[in-house]
Protein chains: 2
Amino acid sequence: MEDERARTVFVPPRRERSVVEAHLAEAGLRPTSQRSLVYEVLLGHAKEHPTADEIFIQAKQEKPDISMATVYNCLDALVRHNLIRQMHLDRAATRYCPNMHEHAHFLCEECGEVSDFEGQAKPRQSGFKVPREFKVTQVEMNMRGLCPDCTEKGVSR
Amino acid sequence: MEDERARTVFVPPRRERSVVEAHLAEAGLRPTSQRSLVYEVLLGHAKEHPTADEIFIQAKQEKPDISMATVYNCLDALVRHNLIRQMHLDRAATRYCPNMHEHAHFLCEECGEVSDFEGQAKPRQSGFKVPREFKVTQVEMNMRGLCPDCTEKGVSR
DNA sequence: AATCTAATTTAGAATTATTCTAAATATAAT
DNA sequence: ATTATATTTAGAATAATTCTAAATTAGATT
């Protein structure tokens, strides 16, 4: 493969690794076509916080042979390498989120939409008594209520 | 049944409704034997934050005929009436928690134990930017890290 | 370029969690 | 006692996730 670059004539310039693939490699993951695709799909649907199944359906359009098991494998790898996060609301399927800026989630109980609130968790100022002896390394915060749109529409709840 | 009280001799005093049943009734739920049992089991295992399945197994010891569907029905009713809460960590089964004092959860990544941290959520001081237009009615906070025991045992992570 | 090793993907089965269904039963009100 | 409604039930159905063992691929090494 190195050799390709050594050829002297008419070698089409090596396509640069896509940004996505670079991300994967940086994170220490082999940028296989499936992984790249899964990650790409998720990046393209950040707002929707899609489920594994939804990602699978999307990915299948590009790559009809991809299997559900692979989607789960890829998602798990991405989670382990901190490229994406899992979200668990209710008893429904796990949702995924490629936004790795620290943020909290807000679920509108009226329309079901999930919004991201950026910021940096301050667990010890959140109102809960976190004993000094506990070492907090990760904070997940999910809020519920009414989004601006639904509030406006006069839903009171 | 009322009549029992009217009898004149050797009537064992009607057992007063248990505290559990009173709770259910207060919350506007018919205190059926199954519901009372499910709630009781959960109250007796608050620390463990058991799954529906674990509750089912426990309940079955008392009442071998209870069915899984009933356990789910009961849990859902209890949740809807604010007697218990659901917890979602990871992709595993939903866990239940009868502690209704406002609190956050802490999962020790070493030993897997879940601890409750009491307090009152202050979503707008938690570090996340919660736009004024969002009406927050419920906050769920899950932290991860090392519990005191595991920290002591020298696990570094 | 061929070879090797370990990681990854795959289909499909298996498992687990949850919901649904329609009939039977229990509750509370009348 | 009667009635209307809520609840429970077994079991089937569905949905979410994991497992398995074989095939493929990536990247490193010759």
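In the text below, chain A, chain B and the rest are named by the order of the sequence lines, each starting its count at 1. This structure is a prediction, so every number in the text was calculated from the model and none was measured.
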With Glu62(A) via side-chain contact (heavy atoms from CB on, under 4.5 Å) - residues at least two apart: Leu37(A)
Looking at dT17(D), I'd like to know if its phosphate oxygens (OP1 or OP2) sit under 4.0 Å from a side-chain N or O belonging to Thr94(A). yes
Check Leu83(B) against Ala27(B) and note the closest heavy-atom contact, atom names and distance. CD1-CB, 3.8 Å
Are any of Arg91(A)'s side-chain N or O atoms less than 4.0 Å away from OP1 or OP2 of dA16(D)? no
Per nearest nucleotide of DNA chain D, the residue lying toward the 5' end, Ser33(B) or Ser33(A), is Ser33(B)
Give the nucleotide from the list dT18(C), dA16(D), dG27(D) with an atom nearest to the side chain of Pro31(A). dG27(D)
Which is true for Ala69(A) with a 4.0 Å heavy-atom rule: it touches a base, it touches only sugar-phosphate, or it touches nothing? base
Can you measure Tyr72(A) atom OH to dT15(C) atom C1' for me and round it to whole angstrom units? 13 Å
Rounded to the nearest angstrom, tell me the gap between atom CG in Leu75(B) and atom P in dA17(C). 14 Å
The bend of the helix from dA1(C)-dT30(D) to dT30(C)-dA1(D), taken between the axes of its five terminal pairs at each end and rounded to 10°, is 30°
Sequence neighbours excluded, which residues qualify as side chain to side chain donor-acceptor pair (under 3.5 Å) partners of Arg85(B)? His103(B)
Salt bridge (Lys or Arg N to Asp or Glu O under 4.0 Å) involving Asp76(A) - partner list, sequence neighbours excluded: Arg91(B)
Show every salt bridge (Lys or Arg N to Asp or Glu O under 4.0 Å) that has at least one partner inside residues 24-48 of chain B, sequence neighbours left out. none
To the nearest angstrom, how far is Asp76(B) atom CG from dT8(D) atom P? 12 Å
His88(A) NE2 - dT17(D) C1' separation (whole Å): 11 Å
Ile57(A): hydrophobic cluster co-members (side-chain, 4.5 Å): none
In residues 37-68 of chain A, which residues come under 4.0 Å of DNA chain D by heavy atom? none
ring-ring contact (aromatic ring centres under 6.0 Å, His included) partners of residues 112-145 of chain B, not counting sequence neighbours, each pair once: Phe106(A)-Phe134(B), Phe117(A)-Phe134(B), Phe134(A)-Phe117(B), Phe106(B)-Phe117(B)
Apply the hydrophobic cluster definition, ILVMFWY joined by side-chain contacts under 4.5 Å directly or through others, and give me every member besides Leu107(B). Met87(B), Leu89(B), Val114(B)
Does anything in residues 118-129 of chain B pair up under side chain to side chain donor-acceptor pair (under 3.5 Å), and if so which pairs, sequence neighbours excluded? Asn99(B)-Glu118(B)
Would you check if Asp53(A) and Met68(A) make a side-chain contact, meaning some heavy-atom pair closer than 4.5 Å? yes
Show each protein N/O and nucleotides 2-8 of chain C N/O combination with a separation under 3.5 Å, one pair to a line.
unit_1, atom_1, unit_2, atom_2, d
dA7(C), O4', Arg30(A), NH2, 3.3
dT8(C), OP1, Arg35(A), NH1, 2.8
dT8(C), OP1, Arg35(A), NH2, 2.7
dT8(C), O5', Arg35(A), NH2, 3.2

How many whole angstroms separate atom CZ of Arg95(A) from atom P of dT17(D)? 11 Å
Fellow cluster residues of Met100(B), listed by chain then number, with links counted only when side-chain atoms sit under 4.5 Å apart: none
